[in-house]
Amino acid sequence: MLRTHTCGQINLDDVGKKVMLAGWVSSIRDHGNIIFFDLRDRYGITQIVCNLPELTPELLELVNKVRQEFVIQISGSVVARSPETVNPKISTGSIEVILEDAKILNTSDALPFEIQEGENIGENIRLKYRYLDLRRDSIKENIIFRSDFTLKMREFFSSENFVEIETPILTKSTPEGARDFLVPSRLNPGSFYALPQSPQLFKQMLMISGFDRYYQIARCFRDEDLRSDRQPEFTQVDIEMSFIEEQDIMDISERLIKYSVEKTSNIKVDVPFPRLTYKKAIEKYGTDKPDIRFGMEIIELSESMANSGSSIIESVLQEGGRVKGLLIENGESISIKDVDNFNEFVKQKGGKGIGWIRFRENEIASPIKKSLKEQTIKNLRESLKITPGSLLFFLGGETSWVCNILGEMRTEIAKKLNLVKEEIFKFLWVVDFPLFEINPDEDRIQCVHHPFTSPQYDDIDTLDKDPLKIKSRAYDLVLNGIEIGGGSIRIHQRKLQEKIFSILGMKPEEYNEKFGFLLDALGYGAPPHGGLAFGLDRMVMILRNEESIRETIPFPKTQKGVCLLSGAPSPVDRKQISDLHIKVDFQTKQ
RNA sequence: GGGGCCGUAGUUCAGCGGAUUAGAAUGCCGGACUGUCGAUCCGGAGGUCGCGGGUUCGAACCCCGUCGGCCCCGCCA
């Protein structure tokens with residue numbers, strides 16, 4: 001070993017010991033006859049003291065050569081610091097090591113940015129030199145947290161009798177869903193593997209095999225555009241169980257999260273998590289992933305605004321639409337400009353604009369003040385228990401359109417008014433999703449989750465009578481307004497699965513070609529089963545209070561899907577292409 | 001595919017109603033200093049102002065294009 005201790009380990013108990021340390025020089029404070037080095041490794045920082053007059057000429061020369069981020073090995077004696085020189089900021093701050101010998105294990109070029117936390121460094125430069133960025137505290141702590149967190153999850157799974165099983169990375173492309181990453185097959189000209197969007201079908205196979213409790217911390221791949229919470233490759237904590245119902249999956253998920261979160265942080269997780277139906281979520285929050293850290297729910301105003309005197313409102317109601325609104329209690333901090341922006345937003349979404357009323361002590365302000373009836377104002381004040389300074393937005397139109405817009409406004413206003421002040425963590429199950437929805441672009445029916453999700457309906461023969469009315473046995477887990485997990489009870493009967501495929505518009509030849517292996521497998525005694533998957537990167541992001549998933553991934557990609565460290569993706573040799581029996585159809589730009 | 005913000009020293013940023021020697025802080029290099037821990041003090045080096053084109057007597061600054069990073073919409077069963 002090149003060291004007897006780590007740089008975060010030595011304390012007052014070690015005073016008097018001879019120690020050997022190795023690490024990176026993170027700070028050099030040169031006082032002429034005395035030099036202090038901060039020696040850093042993964043575990044912490046230890047101050048090394050060089051009393052130059054006491055050093056041999058060789059050692060003196062070496063010490064003078066040392067620069068930031070050199071890798072050095074030192075040996076010396078641990079001494080207690082005098083009280084006035086104790087540094088309470090570091091764990092080893094009450095001791096220091098008096099240098100007796102040293103060796104430069106490696107030098108370092110001048111750095112592209114400072115390792116010490118301080119100014120925010122541009123992300124492009126951080127990603128290019130990610131190995132240096134990862135020496136910095138905040139990102140390093142995130143990566144270590146991620147490891148601790150998954151370890152606790154594994155502990156939990158193990159204690160609950162789960163089996164961890166790996167599934168293929170080179171697998172079969174399946175239609176629908178996200179765009180696949182494809183891998184050409186050299187041995188099978190013209191055929192392609194796809195990287196898995198999730199291990200969905202394999203974990204169902206494992207249930208059929210009898211591994212009734214499976215989990216995997218699985219890498220998944222989706223070739224879609226990136227966002228601050230989306231990367232083309234990401235990690236799911238994937239779970240599947242047999243002989244269970246929704247309640248069992250939710251229960252084990254809650255216990256898993258409680259265990260792993262509470263063992264790795266100071267965050268308290270209250271279980272069970274509240275549940276909200278999809279319908280209620282849309283009605284109250286305008287989204288299927290509501291942030292319930294604050295109220296300001298969407299309110300129904302159709303009745304109270306019915307005879308308000310506003311012609312727009314009345315025509316909306318006559319056409320069968322609804323009027324809904326948001327009541328902002330300290331609405332004075334929403335400026336005219338903000339209101340204009342919301343108005344513009346609504347127009348972009350195809351509306352006529354947003355209505356609003358500011359309630360003051362004895363008067364109101366509103367663009368439709370003149371036409372608004374006294375009685376309407378009075379009713380609103382009473383029924384909504386309005387306090388002076390409140391701002392009421394209202395919007396009329398088709399219900400889901402109205403809810404959707406108000407939902408987005410709700411999030412925006414909460415951000416503006418800083419309604420979420422403290423760090424809190426509100427988990428929420430959203431249940432009773434519809435099984436199908438209409439894809440408006442292609443005017444066809446598609447699954448809200450995936451086609452293996454079981455309906456809340458067991459009459460196979462009448463399933464296609466009114467498929468849009470049927471609910472699914474799916475559930476999503478939402479944390480602070482971000483979807484962090486989702487799952488369902490699956491279809492375990494061949495006939496039902498075939499029926500679903502046919503409702504989706506697939507002919508038997510088509511579903512047999514694409515999903516024949518699943519249908520065959522369901523035919524050999526598939527047990528009732530279900531599961532869910534968590535987005536690990538997103539969970540870590542939220543728990544660490546980060547704005548981007550990239551702060552939880554050691555080597556993430558940029559918005560254009562490029563790895564700035566390695567340069568991937570990159571052109572390849574002609575030979576490599578021809579071996580794969582493919583041609584590149586791309587005009588290189590001149 | 002679309003909208004927005006950004007790109008100036010190694011880094012973070014200022015300068016941008018056109019003409020300046022393109023600045024600051026920090027880092028880097030050299031020197032001084034025996035108790036610092038964001039050390040301090042003195043000195044120094046360091047810039048194709050992302051790239052290309054245009055307007056102009058003159059462009060970091062105005063215009064067009066392009067590349068790159070970020071945020072968002074679409075997309076993400």
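Order of the sequence lines sets the chain letters (A, B, ...), proteins ahead of strands, with each chain counted from 1.
The two atoms that bring A:Ala194 and A:Leu182 nearest to each other are CB-CD2, 4.1 Å, heavy atoms only.
Salt bridge present: A:Arg538 and A:Asp229 bring a charged side-chain N and a carboxylate O closer than 4.0 Å. No salt bridge links A:Glu483 with A:Lys289; every basic N to acidic carboxylate O contact stays at or beyond 4.0 Å. Under the 4.0 Å criterion applied to side-chain N and carboxylate O atoms, A:Arg135 and A:Glu114 are not assigned as salt-bridge partners. Remark: A:Arg29 engages A:Asp38 in a salt bridge, criterion side-chain N to carboxylate O under 4.0 Å.
For A:Arg473, the side-chain hydrogen bond (donor to acceptor under 3.5 Å, both in side chains) criterion is met by A:Glu246, not counting sequence neighbours. Partners of A:Lys349 according to the salt bridge (charged side-chain N to carboxylate O under 4.0 Å, His left out) rule, which considers only residues two or more places apart in sequence or in another chain, are A:Glu408.
Residue A:Gln197 is classed as having no contact, given no heavy-atom separation below 4.0 Å to the nucleic acid. Counting any heavy atom pair closer than 4.0 Å across all strands shown, A:Arg126 reaches no nucleic acid atom. Nucleic acid contact class of A:Ala110 (heavy atoms, under 4.0 Å, all strands): none.
In this structure, CZ of A:Phe181 is placed 13 Å from C1' of B:rC75, rounded to the nearest angstrom. Between A:Arg136 atom CZ and B:rG27 atom C1' there is a gap of 13 Å when expressed in whole angstrom units. Distance CD (A:Glu224) to C1' (B:rC76): 5 Å, rounded to an integer number of Å. B:rC72 atom C1' lies 11 Å from atom CZ of A:Phe345, rounded to whole Å. Separating the NZ atom of A:Lys560 from the C1' atom of B:rU66 is a distance of 11 Å, rounded to the nearest angstrom. Distance A:Leu226 CG to B:rG74 P: 16 Å, rounded to the nearest Å. Going from atom NZ of A:Lys65 over to atom P of B:rG30 covers 13 Å, rounded to whole Å. Between A:Glu547 atom CD and B:rG69 atom P there is a gap of 21 Å when expressed in whole angstrom units.
In this structure, B:rC37 forms no base pair with any nucleotide, since neither Watson-Crick nor G-U wobble geometry is met with both distances under 3.5 Å. Both distances falling under 3.5 Å, in either a Watson-Crick or a G-U wobble arrangement, place B:rA25 opposite B:rU11. In this entry B:rG18 has no Watson-Crick or G-U wobble partner, no candidate having both defining distances under 3.5 Å. Under the Watson-Crick and G-U wobble criteria, each requiring two contacts below 3.5 Å, nucleotide B:rC70 is paired to B:rG4.
Distance check on atom P: B:rA59 versus B:rG2 gives 32 Å, rounded to whole Å. Nucleotides B:rG10 and B:rU20 have their P atoms positioned 22 Å apart, rounded to a whole Å. Across the C1' atoms, B:rG44 and B:rG54 are found 40 Å apart, a figure rounded to whole Å. Taking the C1' atom of each, B:rU21 and B:rC49 are spaced 16 Å apart, rounded to whole Å. A gap of 6 Å separates the C1' atoms of B:rA19 and B:rG58, to the nearest Å. Here the separation of B:rC75 from B:rC16, taken at their P atoms, is 43 Å to the nearest Å. Straight-line distance between the P atoms of B:rC57 and B:rG18: roughly 15 Å, to the nearest whole Å. Atom C1' of B:rG46 sits at a distance of 9 Å from the matching atom of B:rC28, rounded to the whole Å.
Neither side chain, A:Tyr285 nor A:Asp291, offers a donor N or O lying under 3.5 Å from an acceptor on the other.
Nearest-nucleotide assignment on RNA chain B puts the 5′-proximal partner with A:Lys349, out of A:Lys289 and A:Lys349.
Note that CZ of A:Arg81 and OG of A:Ser94 are 8.0 Å apart. Values are rounded to the nearest 0.5 Å.
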Problem set entry | Step-by-step salt bridge (Lys or Arg N to Asp or Glu O under 4.0 Å) determination, A:Glu141 to A:Arg136 | CA-CA 9 Å; A:Glu141 296 300 329; A:Arg136 289 151 52 94; over 6 Å; no

In a table with atom names and distances, give each donor-acceptor pair under 3.5 Å that connects a side chain of residues 498-509 of chain A to protein atoms at least two apart or in another chain.
| unit_1 | atom_1 | unit_2 | atom_2 | d |
| --- | --- | --- | --- | --- |
| A:Glu498 | OE2 | A:Arg494 | NE | 3.0 |
| A:Lys499 | NZ | A:Asp464 | OD2 | 3.0 |
| A:Ser502 | OG | A:Lys499 | O | 2.8 |

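Counting heavy-atom neighbours within 6.0 Å of A:Lys172 NZ, excluding the residue itself, gives a total above 12.
Regarding contacts with the backbone of B:rC72, every side-chain N or O of A:Arg230 stays at 4.0 angstrom or more from both OP1 and OP2. Of the side-chain N and O atoms in A:Arg67, none sit less than 4.0 angstrom from OP1 or OP2 of B:rG27.
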For this session: Let me have a per-nucleotide readout for nucleotides 7-16 of chain B, 5' to 3', with B, S or -, counting only protein heavy atoms under 4.0 Å.
Result: ---BSB----

Problem set entry | Protein-to-nucleotide contact annotation, 5' to 3' order, nucleotides 32-41 of chain B [B base; S sugar-phosphate only; - none; under 4.0 Å, heavy atom] | -BBBBBSB--

N/O-N/O pairs, protein side and nucleotides 3-6 of chain B side, under 3.5 Å:
none

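In summary, the aromatic rings of A:Phe234 and A:Phe221 are positioned with their centroids too far apart to meet the 6.0 Å limit.
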